[in-house]
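To keep things clear, I will list the structure first and then write my remarks on it.
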Amino acid sequence: MALKNIVKEMRDGIGNISRRGSERRCSENGKHNMRRRGRSYIAPEGSSSSSKIIVEQSQWANMPPELLLDIIQRIEASQTSWPARRDVVACASVCKSWRAVTKEIIRTPEQCGLLSFPVSLKQPGPRDAPIQCYIRRERPTGTYRLYLGLSPDPGDMSKLLLAARKIRKATSTDFLISLVGDDFSRTSNTYVGKLRSNFLGTKFTIYDSQPPCDTAIHSNSRSQRKIFPKQVSLKGSSSNYSVATISYELNVLRTRGPRRMQCTMHSIPISAIQEGGTAPTPIEFTNCCEEQIPSSPSPVSKGKKPLVEFSSTSLSGPLESFGSAGDPLILKNKAPRWHEQLQCWCLNFKGRVTVASVKNFQLVAAAEPNQNVSVAEQERVILQFGKIGKDIFTMDYRYPLSALQAFAICLSSFDTKPACE
């Protein structure tokens, strides 16, 4: 049987399984409609959706391992762009054995420059060339959608990577980030994190739905706190872990010039951009809703010492206790130059930005001389964001940022900042 026919028959089988599952769910509860998801969507590991889609006892489950490995390797090598790359996702949705082999073959975005599974959105981008995306803003609903590609293509929804919903509160603004564009509930397994601003819109905190993967112990000069990530859950139904902060410089005197911003990536050490350094790379997309359920009664209720120890000053500053050991990576916006003829500030976006806007920016690493970061690395643009049309913006990111971190940083530019302009 030809490889193309195998893939087609396999995807048709998955479609039949999904349709039968949908019919059963609709018959059990006719009041609730199934939410639409793009064809590129694959449920995170351990979710209820994935357990219903993956059927171990199928006609493909008992395929010889050598043949299975060869088939998936050929599909992965031939489908290097969306929407064709949905065939790779389909391979992981056949059964558990196919999923295990597919996960072994698929490399991280840093290694191959491709996005395949939801965990890819939390892994660092490639080192050599940026991953090019664009953001579509929907003003009436306060929704922001991140797509993979050079330019908008409304007819192809399979390239949707992330979506955010803006929620204004009395003292802050939240951007809830999800894998899908129609479900922003923090109880959903598609919830991946959020961005929260202060009252003035000058400081933002990026929260991840799962803890950073490399360490759970952080030390500083004032205190040492030991964190058990699965037990950390404040008010609400899901955990949030502070991984970065964004600060915009005040411009009270209204002096001429663009916005000035600084991003402190608490989950990425400065060593990640040093020679031979690596950035934290999660390998699993955990379900935060399942993680937060304790396996035993809370020790606080028994009068015992709580699992999370905070010093007297720990709650006054940002939650940095979940980050990597050592100095965090700090990003700053690249200084533009003043163009006398155009009478405006200019940056070289290499054709990716075509409309002047106060929101446009480029971020580079800010390193001290004693941190052993090369000049070339300090001049390398890690993230750039700019306007190309009405409610359309480009976003290009690279190592060591992930798509989620880059998207959250760009979302901070959409919030109103009268004191910074």
Side-chain angles (χ1 to χ4, degrees), residues 35-45 47 49 82-83 85-86 89 108-109 113-126 130-138 141-154 156-167 173-196 204-210 238 240-241 243-244 246 263 265 267 282 285-288 383-385 391-398 401-415:
R35 290 186 170 90
R36 287 178 48 198
R37 290 191 174 100
R39 295 180 65 186
S40 65
Y41 173 79
I42 180 170
E45 194 76 41
S47 67
S49 300
W82 291 95
R85 197 162 176 80
R86 62 165 66 105
V89 176
T108 65
L114 301 175
L115 300 174
S116 303
F117 302 118
V119 71
S120 303
L121 303 175
K122 294 190 176 185
Q123 295 174 336
I131 292 181
Q132 297 177 318
C133 313
Y134 66 90
I135 299 174
R136 183 184 296 275
R137 175 175 58 183
E138 299 177 4
T141 60
T143 304
Y144 304 83
R145 303 177 189 271
L146 176 68
Y147 294 90
L148 179 66
L150 296 174
S151 59
D153 185 8
D156 191 0
M157 295 298 292
S158 65
K159 295 182 294 184
L160 178 67
L161 300 180
L162 294 168
R165 174 68 53 83
K166 185 176 183 178
I167 301 177
T173 300
D174 282 359
F175 292 84
L176 302 182
I177 306 175
S178 171
L179 292 173
V180 295
D182 56 2
D183 185 4
F184 298 94
S185 172
R186 289 178 55 183
T187 61
S188 171
N189 67 323
T190 61
Y191 172 78
V192 294
K194 70 176 182 179
L195 175 74
R196 169 168 289 181
F204 296 79
T205 304
I206 300 176
Y207 295 94
D208 198 331
S209 61
Q210 66 185 78
S238 64
N240 284 300
Y241 302 87
V243 296
I246 308 167
C263 305
M265 312 304 298
S267 61
F285 192 101
T286 58
N287 191 332
C288 61
L383 170 63
Q384 74 173 21
F385 171 80
D391 296 325
I392 302 294
F393 303 81
T394 59
M395 186 196 87
D396 301 341
Y397 77 97
R398 68 195 312 157
L401 290 183
S402 66
L404 173 62
Q405 293 165 344
F407 185 45
I409 293 173
C410 293
L411 287 174
S412 70
S413 185
F414 286 107
D415 200 29

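Keep in mind it's a predicted model, so treat the numbers as computed, not measured.
- Judged by distance alone, the side chain of Ser412 and the main-chain N or O of Ile409 form a donor-acceptor pair under 3.5 Å.
- When atom types are taken as modelled, the side chain of Asp183 and the backbone of Ser185 share a donor-acceptor pair closer than 3.5 angstrom.
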Check against side chain to side chain contact (heavy atoms under 4.5 Å, CB included), Gln405 and Leu383:
CA-CA 10 Å; Gln405 293 165 344; Leu383 170 63; over 6 Å; no

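- The closest side-chain heavy-atom distance from Arg136 to Asp391 is not below 4.5 Å.
- Remark: Ser178 pairs with Val180, Phe184, Thr190 by the side chain to side chain contact (heavy atoms under 4.5 Å, CB included) rule, at least two apart or across chains.
- Distance alone, capped at 3.5 Å, is enough to place a donor-acceptor pair between the Ser209 side chain and the Val192 backbone.
- Annotation for Phe385 and Ile135: closest pair CE1-CD1, 3.9 Å, computed over non-hydrogen atoms.
- Taking the six-membered ring for Trp and thresholds of 30 and 60 degrees, Phe414 and Phe393 have ring planes more than 60 degrees apart, a perpendicular arrangement.
- When the side chain to side chain donor-acceptor pair (under 3.5 Å) test is applied to Gln132, no partner is found at least two apart in sequence or on another chain.
- Within the model, atoms OG1 of Thr173 and CG of Leu195 stand 9.0 Å from one another, a figure rounded to the nearest 0.5 Å.
- Considering OH of Tyr144 and CD of Glu138, their distance stands at 10.0 Å, rounded to 0.5 Å.
- The distance from atom CZ of Arg145 to atom CZ of Phe407, rounded to the nearest 0.5 Å, is 10.0 Å.
- Separating the OG atom in Ser267 from the CD1 atom in Ile206 is a distance of 8.5 Å, to the nearest 0.5 Å.
- When all heavy atoms of Ser120 and Pro109 are compared, the closest pair comes out as O-CG, 3.7 Å.
- In this structure, the side chains of Arg186 and Asn240 come closer than 4.5 Å at one or more pairs of heavy atoms.
- Residues Leu162 and Leu179 form a side-chain contact, since some pair of their non-hydrogen atoms from C-beta on lies under 4.5 Å apart.
- The distance from the OG atom of Ser413 to the CE atom of Met395 is 12.5 Å, given to the nearest 0.5 Å.
- Minimum heavy-atom separation, Phe175 to Leu411: CZ-O, 3.8 Å.
- Residues meeting the side chain to side chain donor-acceptor pair (under 3.5 Å) test with Arg165, sequence neighbours left out: Thr143.
- Between Thr108 and Pro124, the closest side-chain pair of non-hydrogen atoms is not below 4.5 Å.
- Inspection of the Asp174 and Tyr207 side chains reveals no N or O donor paired with an N or O acceptor under 3.5 Å.
- Residue Pro282 comes nearest to Val119 through the heavy atom pair O-CG2, 3.7 Å, listed as atom of the first residue, atom of the second, then distance.
- Between Gly181 and Leu160, the shortest heavy-atom contact is N-CD2, 4.0 Å.
- Paired with Ile177 under the rule side chain to side chain contact (heavy atoms under 4.5 Å, CB included), one option of Leu121, Leu146, Leu404 passes, and it is Leu404.
- Counting heavy atoms from C-beta on, the side chains of Arg85 and Leu115 never come closer than 4.5 Å.
- When all heavy atoms of Cys133 and Tyr147 are compared, the pair lying nearest together is CB-O, 3.0 Å.
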